[in-house]
S.K.: 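If you scroll down you'll find the structure; I have some questions about it.
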Amino acid sequence: MDKQKCLWRIVFWLAASLFFLLNILTIHDGHNWGDDFGQYIQHGKNIIYGRPYASHIMVEPWVVVPPGFPVVLAPFIKIFGINFKILKLLNVAAWQGFVWVFYPILRRRLGEEAALLSALVLLSSPYFFIFKQNVLSDVVFVFFISLAMLALTKYNEFSKAGKARPANFSLGAALFFMLYSFLIRSAGIFLFIAAAFYILLKSKDKKPVLLIFLMFLIGVSVDSWVGVSGVGHYIESVRSPPGEWAVFAYRHVSHVFHSLAALYIPMQTVISAPIFSVLSFLITKTLPFLLAGVCIIFIYRAAKRTISLLECFFFIYLFGIIIWVIEGGPRYLFPVLGPFLVLGIESFRAVYHFFFRGRFEKIREGAIRWLLILLIANNAVSILINLNFNDDEIFRPHVRAMLRWVKENVQPQERYMFWKPRAVVALTDRVGTPFWIYPGEEKVWLQRVRKFKIDYLIIAKNDPLIQQVSAGAVPAGEVWENSHYKIFKIQR
């Protein structure tokens, strides 16, 4: 190994260790008032206590998440209780694991220097630095997606080399990781589609497609058995008339590309903010061309049978996110964070080669090197700006007091209304429901009180609903309050 490669590896390991420790040391206790984390934890508790998977979550279980992530959480909850610092450590470990697993793909396609710098771009992500404070399935999902991608890549290599035993082992591992990624998030379906499409397009042996389909059926069966609603929700989102669907998908492209840009160019520094503004302007003004370009590249590469597995997954996942109705922000694009970086660098090299015909390659690689270093530097500065970020809300004194009252005074058989019932049930084991779920239901929330035989209303003092209740819209008397909340008892 020459001295330059050795130096790059030393720098990489030092920087990677620094970001790893920094992410661990900046984990905070508590959680924001998101609601999804509570459902994951409550499903995990159901697994521990042997209760039905979808029970004891909400009065009206309008969504049931896949069991993969709760299964991961369950042993940690069993050993440590609901310890948010421990649960958030899973994010740091899974993010680090994702980059280590994806690194062989980076090195194979970009070369060692660009791969090491690209890995540092991913490890130093300021978006992840903030996101790690959430107990959500996204990062563990990306880890298993990357494991499946690496195993599929190994399967292709061993198959081409005629090595049957390691090829079969790699395929088996890929199928397991694909299955588990689907059991973590229903978006794992895109990897099944991408893998099957790639094998049908480029492989002489089509048998693995049957195994992929079988594994997908197993995943759907497990989800159905525990009552998961994820796939159904996704199918519902694309059942609208073709005209409406096309209009929405086109409008959604802007959100998707802005979210992708935000993962790489966070707007925290004096340098990145104007750069993102320029990118935002370009995305908005060239939206039809961006969408057409993505489609043309995918179709052209597929027609020529030169498309790679990585490209198949990137394009299919991106198309899937574009047509989905839920705007989840950059976190929904975590699975294509690595592939986009690879394809971006490869595209730059291809365009450069087209114009210069192999000349000035040192300049090309120098430009890539310094662009990646600038991204890492911008990430580091963005992390320093957010070094003390802490969005905990549930452990604030006024929230703790409200949760304590609920746990001590609401009986297990009684029901309440609160905007974040899944978070409250995870922390109190008392089941409730939101005032309403879908747009348009705000006019019938009083009917929901009667329908679900609600016993208590928990309302923030700045919520307009409190005026309706105080004015007698529902027969209820105030039984508790603090600086931020009032709790009313329904009178019957």
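These numbers were taken from a predicted model, which means no experiment stands behind them.
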S.K.: Can you list everything that forms a ring-ring contact (aromatic ring centres under 6.0 Å, His included) with Phe488? Sequence neighbours excluded, please.
M.R.: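 Applying ring-ring contact (aromatic ring centres under 6.0 Å, His included) to Phe488 gives none.
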S.K.: Which of parallel (below 30°), tilted (30 to 60°) and perpendicular (above 60°) describes His43 and Tyr53?
M.R.: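 Parallel: the ring planes of His43 and Tyr53 meet at under 30°.
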S.K.: What is the distance from atom CH2 of Trp100 to atom CH2 of Trp95, rounded to the nearest 0.5 Å?
M.R.: 13.0 Å
S.K.: Should the pair Tyr264 and Phe340 be assigned to parallel (<30°), tilted (30 to 60°) or perpendicular (>60°) ring geometry?
M.R.: tilted
S.K.: Hey, does the side chain of Asn379 reach the backbone of Val121 with a donor-acceptor pair shorter than 3.5 angstrom?
M.R.: yes
S.K.: Do Phe276 and His258 come close enough that some side-chain heavy atom pair is under 4.5 Å?
M.R.: yes
S.K.: Checking Lys132 against Phe129: charged group under 6.0 Å from the ring centre and within 45 degrees of the axis?
M.R.: yes
S.K.: Are the side chain of Asn46 and the backbone N or O of Ser55 linked by a donor-acceptor pair below 3.5 Å?
M.R.: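 Side chain of Asn46 to backbone of Ser55: a pair is present.
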S.K.: Which residue, Phe190, Phe314, Phe298, Phe197, forms the ring-ring contact (aromatic ring centres under 6.0 Å, His included) with Phe319?
M.R.: Phe298
S.K.: Do Glu157 and Arg108 sit within salt-bridge range, that is, some charged N less than 4.0 Å from a carboxylate O?
M.R.: yes
S.K.: Got more than 12 heavy atoms from elsewhere within 6.0 Å of NZ, Lys207?
M.R.: no
S.K.: Measure from the side-chain N and O atoms of Tyr485 to the backbone N and O of Val399, and report whether any donor-acceptor pair falls under 3.5 Å.
M.R.: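 Between the backbone of Val399 and the side chain of Tyr485 there is no qualifying donor-acceptor contact (under 3.5 Å).
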S.K.: With rounding to the nearest 0.5 Å, note down the distance linking CG in Asp36 to CG in Asn134.
M.R.: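 Rounded to the nearest 0.5 Å, the CG-CG separation comes to 9.5 Å.
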S.K.: Examine the side chains of Ser308 and Arg109 and answer whether a donor and an acceptor come within less than 3.5 Å of each other.
M.R.: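 Their side chains do contain a donor-acceptor pair, which is all the 3.5 Å distance test asks for.
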S.K.: Checking the side chain of Lys85 only, and the main-chain atoms of Asp29 only, is there a donor and an acceptor separated by less than 3.5 Å?
M.R.: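 No; judged by distance alone, with no hydrogens or angles, the pair does not exist.
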S.K.: Please answer whether the main-chain N or O of Thr26 pairs with a side-chain N or O of Gln133 as donor and acceptor at a distance below 3.5 Å.
M.R.: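 Yes; at least one donor-acceptor contact below 3.5 Å.
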S.K.: Where the side chain of Arg396 meets the backbone of Asp392, is there a donor-acceptor pair that is under 3.5 Å apart?
M.R.: yes
S.K.: Compute the ring centroids of Trp436 and Phe452, then answer whether they are less than 6.0 Å apart.
M.R.: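 Centroid separation for Trp436 and Phe452: 6.0 Å or greater.
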S.K.: Could you check whether Arg415 pairs with Glu60 (Lys NZ or Arg NE/NH1/NH2 to Asp/Glu carboxylate O, under 4.0 Å)?
M.R.: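 So Arg415 does not pair with Glu60 through a salt bridge.
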S.K.: Can Lys420 and Asp35 be counted as an ion pair, charged N to O under 4.0 angstrom?
M.R.: no
S.K.: With no hydrogens and no angle check, do the side chains of Asn482 and Trp405 hold a donor and an acceptor under 3.5 Å apart?
M.R.: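 Judged by distance alone, the side chains do not pair up.
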S.K.: Measure the acute angle between the ring planes of Phe131 and Tyr127, then classify it against the limits of 30° and 60° as parallel, tilted or perpendicular.
M.R.: parallel
S.K.: Over 60° means perpendicular and under 30° means parallel, so tell me whether His31 and Phe37 are parallel, tilted or perpendicular.
M.R.: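 His31 and Phe37: parallel rings.
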S.K.: Quick check against the 3.5 Å criterion: does Lys486 have a side-chain atom that pairs as donor or acceptor with the backbone of Leu457?
M.R.: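 Pair absent, no side-chain N/O of Lys486 close to backbone of Leu457.
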S.K.: Below 30° counts as parallel, above 60° as perpendicular, anything between as tilted: where do the rings of Phe216 and Phe213 land?
M.R.: tilted
S.K.: Could you tell me whether the side chain of Gln39 and the main chain of Val63 form a donor-acceptor pair under 3.5 Å?
M.R.: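 The answer is yes, because a donor-acceptor pair under 3.5 Å joins these two groups.
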S.K.: Indicate yes or no: does Asp429 engage Lys407 in a salt bridge with an N to O separation below 4.0 Å.
M.R.: no
